[in-house]
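Chain letters run A, B, ... following the sequence lines, proteins first and then strands; every chain starts at 1.
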Protein chains: 2
Amino acid sequence: MDVQKKNVLGDMLFGGAELFLPSVSVDCVIFGFHAGELKVLLLKGKHDPKWALPGGFIYQDENVEEAASRVLQERTQLTGIFLRQFHLFGDVKRTEQKHARRWLEEAGVEDPDSHWIMQRFVTIGYYALVEFEKVNPVPDEYSSECDWHNVLELRNLILDHKQIIEKGLESLRLHLNFQPIGLNLLPKEFPLKDLQLIYETILGKKLDRSNFQRKILSYGILDRKEKQFSGGSHRAPYLYSFNKKKYFKALQEGLNKEW
Amino acid sequence: MDVQKKNVLGDMLFGGAELFLPSVSVDCVIFGFHAGELKVLLLKGKHDPKWALPGGFIYQDENVEEAASRVLQERTQLTGIFLRQFHLFGDVKRTEQKHARRWLEEAGVEDPDSHWIMQRFVTIGYYALVEFEKVNPVPDEYSSECDWHNVLELRNLILDHKQIIEKGLESLRLHLNFQPIGLNLLPKEFPLKDLQLIYETILGKKLDRSNFQRKILSYGILDRKEKQFSGGSHRAPYLYSFNKKKYFKALQEGLNKEW
DNA sequence: TTATATTGTGTCATATTGACAAAATAACAA
DNA sequence: TTGTTATTTTGTCAATATGACACAATATAA
């Protein structure tokens, strides 16, 4: 699947019914960290004052996973990012398409009410964790803005996108118990404090520094480097990096096996 | 949604495109326990020698969750069963519809190749845990047999249904760490040994009797009753029942919070 | 040189887990 | 009636994990 060759907007407006899998969309909850806050990347529609998750439709010749990956890539320019399916949202009432109708009208589509995009859709939620600084948020063709929003202060979202984000965060919190995170979230080398801050931000609570280090090191997915120039007026911390081999093994097999 | 009034077969053959949500199906992995084995309920097609999961399509006016529930109910006659979404299977190649084509032909559908059911489908996997003895497996209109199969000896399944079952089992094993199970799986009163056997069967390994009881009781979801007539020539075990209030609270909030 | 902030490391009481053993008891056989 | 057998209830104990906290080390700035 060659992502670059796709002209998603044109396909959606005029070729949709044949090119895309009907009834199904993907939405990506892209998490990033900044200033001690957990952020999520949102788009503001040109013809709608509300914010929406980066999402899209699935080409007939495209795996759902690939579609999610394409959406993530289009919006962040990042590749190789860990993306995880967490839930399908399938209620009848979740899609009321007022804004889509207006949007089709203005785009010059005849008889917008019978356009395929006005039909009921179910959507598959994926979440990703990305390095905030590496992302240059770019709106797509039908959006006016693309920006980070604090995950705890979500207002004016379309449809059920607030619930999708909340479910995504809930899933992420659960997955933290048996899945390593951080690989595409931090620079190659980082102090443990930074990783701890990520955990604290996701969980929404403070963790004991000493106990956190003991636990995270016990997973055996980190390699300790030499000290850094801390920059701060205090003892310089060690730098760590993820041992990718062990990291992916842990992703595969899980961190804890309680039973 | 009135389940009884649906004529699924007729709808599928002749009304499909309008009545159902296109491209999406649900499949239920229905687990039961018998003779120390974990079983899954499968259907054998009338026009296909292969076995399939109980599954179906989603009516336009029906939530996905309701569709899964309807499928479960139709096949087992059971209501109020815990059903849990675990994964969406969305690869392009997952649906090759040779058997569907033959099936449409024999059902008298003209031009089967362009029938909506021949198109690509993604499917949402749900799993359920049911009391084996309470289920009277009934084939649907387009199946010749409905029977339990050992989850470790799956042969001749259509499409990716073997992978779906395996993923469902894997999910169930994971969920065991933070989710109570057993409520619709055991009689109202039961000895702890029976619950332990269920855990052992799901996990595929033996557990220490004493430690299992300590752990399961620590969840605080069981009420101890008076002793039973054991029937065996040995000390009679206590009977337990699930405290529904606490059980559902645990379902909601989770059993363990590691972080 | 000293103050300050933050890290590396260690301690310790408590809780949890895994492995196992002793006592209790229902049914059966002699 | 009594002993045997199987399985349960209950308990023990060492090993490990966790939570709370203490103290020494050290990079920068005053």
(request) Determine whether any donor atom in the side chain of A/S210 lies under 3.5 Å from an acceptor atom in the base of D/dG19, or the reverse, and answer yes or no. (result) no
(message) Nearest whole Å is fine: how far is C/dT7 P from A/F190 CZ?
(response) 14 Å
(request) Choose from C/dT7, C/dA19, D/dT10 the nucleotide whose nearest atom is closest to any side-chain atom of B/R224. (result) D/dT10
(message) Using whole Å, what does the distance between atom C1' of nucleotide C/dA15 and atom CG of B/N256 come to?
(response) 13 Å
(request) Check the distance between C/dG8's P and A/Q196's CD and give it to me in whole angstrom. (result) 11 Å
(request) May I ask you to decide if the ring planes of B/Y219 and A/W259 are parallel, tilted or perpendicular, using 30° and 60° as cut-offs? (result) perpendicular
(request) Output yes when at least one side-chain N/O atom of B/K215 is less than 4.0 Å from OP1 or OP2 of C/dT16, else no. (result) no
(request) Name the nucleic acid region contacted by A/E258, choosing base, sugar-phosphate or nothing; use a 4.0 angstrom heavy-atom cut-off, strictly under. (result) sugar-phosphate
(message) Should the side chain of B/R214 and the base of D/dG11 be counted as holding a donor-acceptor pair, with the cut-off at 3.5 Å?
(response) no
(request) Nearest whole angstrom, please: distance from the C1' of C/dA21 to the CG of B/N211. (result) 13 Å
(message) Between A/D208 and A/H234, which residue's closest nucleotide on DNA chain C lies nearer the 5′ terminus?
(response) A/H234
(request) Check the distance between C/dG8's P and A/I216's CD1 and give it to me in whole angstrom. (result) 14 Å
(request) Using atom CZ of A/F212 as one end and atom C1' of C/dG8 as the other, report the distance to the nearest whole Å. (result) 15 Å
(message) Below 30° counts as parallel, above 60° as perpendicular, anything between as tilted: where do the rings of B/F242 and B/Y247 land?
(response) perpendicular
(request) For the residue pair A/F86 and A/F89, categorise the inter-ring angle as parallel (less than 30°), tilted (30 to 60°) or perpendicular (more than 60°). (result) perpendicular
(request) Could you work out which one of C/dA23, D/dC21, C/dG8 sits closest to the side chain of B/R235? (result) C/dA23
(request) Kindly check if the number of other-residue, nucleotide or ligand heavy atoms within 6.0 Å of CD (A/E133) is above 12? (result) yes
(request) Check the angle between the aromatic planes of A/F82 and A/Y127 and answer parallel, tilted or perpendicular using the 30° and 60° thresholds. (result) perpendicular
(request) Can you tell me the distance, in whole Å, between the CD atom of B/Q228 and the C1' atom of D/dT8? (result) 11 Å
(request) Can you tell me the distance, in whole Å, between the CG atom of B/L217 and the P atom of C/dT16? (result) 14 Å
(request) Give a yes/no on whether any side-chain N or O of A/Q213 is located under 4.0 angstrom from OP1 or OP2 of C/dG8. (result) yes
(message) Measuring from the side chain of A/R209 (C-beta onward, heavy atoms only), which nucleotide among C/dT9, C/dA26, D/dC21 has the closest atom?
(response) C/dT9
(message) On DNA chain D, compare the nucleotides closest to B/K257 and A/F229; which residue's is nearer the 5' end?
(response) B/K257
